[in-house]
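Below is one structure, written out as structure tokens; comments come after it.
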Amino acid sequence: MPEAPSLSVDVVVATFNRPDNVRICLQHLALQTHTPDEIVVVDSSPHRLTAAVVADFPGVRYIRNDAGPGTLATSRAIGVAETRSDIVAFIDDDAYAEPDWLENILARYADPSVGAVGGRASNGRPGEEHEGHDAVGRLLPDGTLTGNFAADTGRDLDVDHVLGANMSVRRSALEGIGGIVDLFPGTCLREESDIMLRLGRAGHRVVYTPSALVEHVAAPYTRGRRFDVRYTFYGNRNHIVLLSHAFGMDAPILRRYYGTALRQVGDILVDGAKAVVATGRSPRQRVRSVGGRALHASAAFGGLAVGTTAAIRTRLGDRRPTRP
């Protein structure tokens with residue numbers, strides 16, 4: 001591991017309606033081998049339960065984000081604006097850092113070309129650390145993104161994006177790209193990828209280091225569930241905005257993504273048609289299967305349409321403020 005540079009570092013925890021998770025997160029941050037200059041909790045919850053939790057941790061600062069749910073990027077931007085460190089590390093409220101997490105993140109900034117560092121997230125699934133070693137955090141030619149952020153690659157990798165639950169940025173690099181812009185409502189999918197792709201476009205290295213490890217317990221969503229219809233809609237909507245914001249509306253990679261996404265919608269519909277004629281299933285099971293696929297196909301197509309409108313508005317300068 002490279003020698004840790006003499007850089008200041010703050011930790012920002014963005015949260016919504018998860019006070020119990022925040023408590024465990026802060027307990028782990030208190031055990032870091034490298035003590036952060038400051039820990040800030042930015043809370044967009046409709047209550048004061050998280051404020052009461054933070055009060056039990058002397059030195060941790062509590063800040064409100066009154067914009068409410070679906071504004072994760074705004075919470076991150078508030079955290080950046082309220083701190084002054086060279087490096088800003090972000091950790092989700094449901095991510096619990098190993099003691100050397102921050103030390104390992106900070107060490108990677110010994111290289112001045114590094115603009116962002118992300119770490120590994122253990123999800124508790126057997127064998128996940130062995131999967132996807134050759135496809136961690138990549139932007140593919142068809143415009144889709146790979147994840148595989150549980151992979152223990154045994155070495156650092158240059159990547160295109162990292163996991164927002166466990167990431168950090170160099171402040172000067174972030175300021176150089178215009179900071180964090182909140183264009184990703186709903187499930188907030190792709191808000192962290194927007195930061196990383198723009199940093200990469202500006203010439204900064206984005207590094208994945210498996211040595212910066214968190215346990216990601218993936219707490220329940222406040223609204224809906226992971227991979228439900230709402231997730232499908234915002235996944236498609238926000239991905240269009242991501243690519244248009246990072247590369248422009250006329251970028252070939254955006255056009256390729258439209259083709260990929262529309263083929264996926266077609267595949268969902270084909271699977272639904274197959275379910276109609278499938279043997280060994282009751283009529284009720286067939287109806288439920290077809291109905292579920294039709295809903296996801298509609299959500300995906302609707303997300304593409306709404307995302308296109310949002311992308312055009314963004315190009316015309318209609319952006320949500322980065323702070324309320």
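We use all heavy atoms of the structure for the numbers below, so side chains are in, but hydrogens, waters and symmetry mates are not.
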Side-chain contact test, heavy atoms from C-beta onward, threshold under 4.5 Å: evaluate it for [X] versus [Y] and give yes or no.
X: Thr314; Y: His245; value: yes
X: Val88; Y: Thr83; value: yes
X: Asp142; Y: Ile253; value: no
X: Thr71; Y: Asp182; value: yes
X: Leu197; Y: Val206; value: no
X: Gln27; Y: Tyr96; value: no
X: Leu242; Y: Phe184; value: yes
X: Val11; Y: Leu29; value: yes

Set out, in order, the CA-CA distance, both residues' side-chain angles and the distance that settles side-chain contact (heavy atoms from CB on, under 4.5 Å) for Ser168 and Tyr109, then state yes or no. CA-CA 10 Å; Ser168 64; Tyr109 288 102; 2.7 Å; yes

For the backbone of [Y] and the side chain of [X], can you confirm whether one donor and one acceptor N or O come within less than 3.5 Å of each other?
X: Gln32; Y: Glu98; answer: yes
X: Ser85; Y: Asp10; answer: yes
X: Arg108; Y: Asn104; answer: yes
X: Asp228; Y: Arg230; answer: yes
X: Tyr231; Y: Leu189; answer: no
X: Glu131; Y: Asn148; answer: no
X: Ser45; Y: His47; answer: no
X: Arg256; Y: Pro141; answer: yes
X: Asp92; Y: Asp94; answer: no

Rounded to the nearest 0.5 Å, what's the gap from [atom1] on [X] to [atom2] on [Y]? Could you check?
X: Leu213; Y: Glu129; atom1: CG; atom2: CD; result: 10.5 Å
X: Ser244; Y: Tyr257; atom1: OG; atom2: OH; result: 11.5 Å
X: Ser122; Y: Glu128; atom1: OG; atom2: CD; result: 5.0 Å
X: Arg237; Y: Thr309; atom1: CZ; atom2: OG1; result: 9.5 Å
X: His34; Y: Leu102; atom1: NE2; atom2: CG; result: 5.5 Å
X: Tyr208; Y: Thr153; atom1: OH; atom2: OG1; result: 5.5 Å

Can you pull the ring pair (Phe, Tyr, Trp, His ring centres under 6.0 Å) pairs that have at least one residue in residues 116-166, sequence neighbours excluded? Phe149-His161

Ring pair (Phe, Tyr, Trp, His ring centres under 6.0 Å) partners of residues 59-81, not counting sequence neighbours, each pair once: none

Side-chain ion pair, [X] and [Y], N-O less than 4.0 Å:
X: Asp86; Y: Arg171; value: no
X: Asp194; Y: Arg198; value: yes
X: Arg18; Y: Asp93; value: yes

What are the two closest heavy atoms between [X] and [Y], and how far apart are they?
X: Asp160; Y: Met196; result: O-CB, 3.5 Å
X: Ala14; Y: Ser75; result: CB-CB, 3.8 Å
X: Ala165; Y: Ala95; result: O-CB, 3.8 Å
X: Ala116; Y: Leu199; result: CB-CD1, 3.8 Å
X: Val241; Y: Ala310; result: CG2-CB, 3.9 Å
X: Pro210; Y: Asp156; result: CD-OD1, 4.1 Å

Who passes side-chain hydrogen bond (donor to acceptor under 3.5 Å, both in side chains) against Arg170, sequence neighbours left out? none

According to side-chain hydrogen bond (donor to acceptor under 3.5 Å, both in side chains), who are the partners of Ser172, at least two apart in sequence or on a separate chain? none

Flag yes if [X] and [Y] sit in one hydrophobic cluster, no otherwise; membership is Ile, Leu, Val, Met, Phe, Trp, Tyr, and two members link when side-chain heavy atoms are under 4.5 Å apart.
X: Leu106; Y: Val207; value: yes
X: Leu304; Y: Phe233; value: no
X: Ile24; Y: Val54; value: no
X: Leu157; Y: Met167; value: yes
X: Val214; Y: Val9; value: yes

Is it true that atom OH of Tyr258 has more than 12 heavy atoms of other residues, nucleotides or ligands lying nearer than 6.0 Å? yes

Which residues, ordered by chain and number, are linked to Leu140 in its hydrophobic cluster, where ILVMFWY side chains connect at heavy-atom gaps below 4.5 Å, directly or through other members? none

Leu72: hydrophobic cluster co-members (side-chain, 4.5 Å): none

Which is it for Thr33 and Glu103 under the side-chain hydrogen bond (donor to acceptor under 3.5 Å, both in side chains) test, yes or no, and what are the steps along the way? CA-CA 7 Å; Thr33 55; Glu103 178 182 349; 2.5 Å; yes

I would like to know whether Phe90 and Val169 meet side-chain contact (heavy atoms from CB on, under 4.5 Å); could you show each step before the answer? CA-CA 8 Å; Phe90 298 97; Val169 295; 4.0 Å; yes

Would you check, one step at a time, whether the test side-chain contact (heavy atoms from CB on, under 4.5 Å) holds for Tyr234 with Arg190? CA-CA 9 Å; Tyr234 280 109; Arg190 304 296 181 254; over 6 Å; no

Would you please test Leu174 and Ile195 for side-chain contact (heavy atoms from CB on, under 4.5 Å) and show each step? CA-CA 8 Å; Leu174 183 62; Ile195 301 168; 3.9 Å; yes

For Arg120 and Ser211, does a side-chain donor sit closer than 3.5 Å to a side-chain acceptor? no

Could you check Arg76, Arg61, Arg64 and say which one makes a salt bridge (Lys or Arg N to Asp or Glu O under 4.0 Å) with Glu82? Arg61

